[in-house]
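Supplied in structure tokens, the structure appears directly below.
The basis for the numbers below is simple: all heavy atoms, side chains too, and nothing from hydrogens, waters or symmetry mates. Predicted model only: the values in this text are computed from it and were never measured. Just so it is clear: chains get the letters A, B, ... in the order the sequence lines come, proteins before strands, and each one is counted from 1.
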Amino acid sequence: MPRGFYAGDALEVAPRLLNKVLVRGGRSGRIVEVEAYRGSQDPASHAFRGPTRRNATMFGPPGRLYVYFTYGMHWCANAVCGPDGDAQAVLLRALAPLTGLDDMRIARRGGVSGRAVRDRDLISGPARLCQALGVDRADDGADLVRGDRGLRIVDDGTPPPEEPGVSGRVGVSQAGDLPWRFWVPGDPYVSGSTR
DNA sequence: CTTTGGATCGTCT
DNA sequence: GACGATCCAAAGG
């Protein structure tokens, strides 16, 4: 997508990202669940209390990837939105697998005792999709427009849903009531029990 | 199917 | 020193 696609408010960009395709090499999936985080206007955002080393990417130009580490073992990825300096972002929460399923399974099975991963669990969850696509600290700041680290978001002609599913955001303890989570209604790859 | 608790460490106070 | 924008396995129905 062009840079301008990301330049708007995260609340506008989030639902428009639904049904776009996240691509890394031979691996790709359709975005079916996202959450908006609105920087200084959002107590749940990592950027709410101003710039730090971790959230620096969010304060940069739109169209880049903000990757953060959490729970001592997981990576999560956001598309940075809004004008340069405005720390808005859209958390990518779930994909529907399109290509490269075998590579995703390999990336998702852990260590020696790795067991089979069901298709349903491959990339439905913010940390799962990062693991499946090999996204980690090295991809923080990647440019999704230029694809400088092999990560792009493209339009394959599928429009966003006319009426996306809407709810409060998952796992946040601040402002959890704000309806800033969006998903493709009925899609089996949306995370959790909501659909 | 649902519930529960453990893993594990970078980041900020 | 406390706490996650989470996931998984184990145990119980």
Could you tell me the separation between the CZ atom of A:Arg54 and the P atom of C:dG4, rounded to a whole number of Å?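 Distance check: A:Arg54 CZ to C:dG4 P gives 11 Å.
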What is the distance from CZ of A:Arg49 to P of B:dC12, rounded to the nearest Å?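 The answer, rounded to whole Å, is 12 Å.
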Taking A:Leu65 as the starting point, is it possible to reach A:Tyr37 by hopping between hydrophobic residues whose side chains are less than 4.5 Å apart?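 As far as the 4.5 Å side-chain criterion goes, A:Leu65 and A:Tyr37 are not connected within one cluster.
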I want to verify a distance call: between C:dT6, B:dC12, C:dG4, whose nearest atom is closest to the A:Val170 side chain?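 Nucleotide nearest to A:Val170's side chain: C:dT6.
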Could you tell me whether the phosphate oxygens of C:dC8, OP1 or OP2, come under 4.0 Å of any side-chain nitrogen or oxygen in A:Arg108?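 Yes, because at least one side-chain N or O of A:Arg108 sits under 4.0 Å from OP1 or OP2 of C:dC8.
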If you group Ile, Leu, Val, Met, Phe, Trp and Tyr by side-chain heavy-atom gaps below 4.5 Å, do A:Trp180 and A:Val170 land in one group?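 In one cluster with A:Trp180: A:Val170, no.
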Could you tell me which non-hydrogen atom of A:Ala96 sits nearest to which non-hydrogen atom of A:Tyr189, and how far apart they are?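 Minimum heavy-atom contact is CB-CD1, 3.6 Å.
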Salt bridge A:Asp143-A:Arg3, side-chain N to carboxylate O under 4.0 Å: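 Between A:Arg3 and A:Asp143 there is a salt bridge, with a charged N closer than 4.0 Å to a carboxylate O.
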At under 4.0 Å between heavy atoms, what does A:Ala44 touch on the DNA or RNA strands: base, sugar-phosphate, or nothing?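 The answer is base, as A:Ala44 lies within the cut-off (heavy atoms under 4.0 Å) of a base atom.
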Between C:dC8 atom C1' and A:His74 atom NE2, what is the distance in whole Å?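 Going from A:His74 (NE2) to C:dC8 (C1'), I get 8 Å.
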Does a side-chain N or O from A:Arg181 land closer than 4.0 Å to OP1 or OP2 of C:dA5, or not?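 For A:Arg181, the contact criterion (side-chain N or O under 4.0 Å from OP1 or OP2 of C:dA5) is not met.
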What heavy-atom pair brings A:Val190 and A:Val184 nearest, and what distance separates the two atoms?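 Result for this residue pair: CG2-O, 3.8 Å.
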Please classify the nucleic acid contact of A:Arg137 as base, sugar-phosphate, or nothing, using heavy-atom distances under 4.0 Å.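 Sugar-phosphate only.
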Considering all heavy atoms of both residues, which atom of A:Asp139 and which atom of A:Gly134 are nearest to each other, and what is their separation?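 Taking every non-hydrogen atom into account, OD2-O, 3.4 Å.
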Please work out if A:Asn78 contacts a base, only the sugar-phosphate, or nothing of the nucleic acid, heavy-atom cut-off 4.0 Å.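 Since a base atom lies under 4.0 Å of A:Asn78, the category is base.
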Ring-base stacking, A:Tyr71 with B:dA7 (5.5 Å, 30° cut-offs):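 Base of B:dA7: not stacked against A:Tyr71.
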Is it true that A:Asp119 and A:Arg105 have a side-chain N and a carboxylate O under 4.0 angstrom from each other?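 Counted as a salt bridge, because a side-chain N and a carboxylate O are separated by less than 4.0 Å.
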What pattern of brackets, bars and dots sums up DNA chain B from 5' to 3', given Watson-Crick or G-U wobble pairs under 3.5 Å, [ ] for crossing pairs and | for another strand? |||||||.||||.
Output the rounded distance in Å from CG (A:Asp136) to C1' (B:dC9).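 After rounding, the reported distance stands at 15 Å.
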Let me know the distance between CE of A:Met73 and P of B:dG6, rounded to the nearest Å.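 In whole Å, B:dG6 P and A:Met73 CE are 13 Å from each other.
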Can you tell me the distance, in whole Å, between the CG atom of A:Leu92 and the C1' atom of C:dT6?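 That distance rounds to 15 Å.
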What are the two closest non-hydrogen atoms of A:Leu151 and A:Ala142, and how far apart are they?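 That would be CD1-CB, 4.5 Å.
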Are A:Trp183 and A:Ser167 packed together at the side-chain level, in the sense that at least one heavy-atom pair is separated by less than 4.5 angstrom?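 Yes; the side chains approach each other to less than 4.5 Å.
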Positions of residues 61-70 of chain A (non-hydrogen atom under 4.0 Å from DNA chain C), listed by number: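 Contacting residues: A:Tyr68, A:Thr70.
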A:Asp156/A:Arg30 under salt bridge (charged side-chain N to carboxylate O under 4.0 Å, His left out): CA gap, chis, key distance, verdict: CA-CA 9 Å; A:Asp156 73 346; A:Arg30 187 178 309 285; 2.9 Å; yes
Determine the interatomic distance between P on B:dT4 and the same-named atom on C:dA5; round to the nearest Å.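 22 Å, rounded to whole Å.
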In whole angstroms, how far is the C1' atom of B:dT11 from the CZ atom of A:Phe48?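 Rounded to whole Å, this separation is 18 Å.
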For C:dA5, take OP1 and OP2 only and decide whether either is under 4.0 Å from a side-chain N or O of A:His46.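 True: A:His46 side-chain N/O within range (under 4.0 Å) of C:dA5 OP1/OP2.
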Euclidean distance, atom CZ of residue A:Arg128 to atom C1' of C:dA5 [Å, nearest integer]: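 It is 15 Å, rounded to the nearest whole Å.
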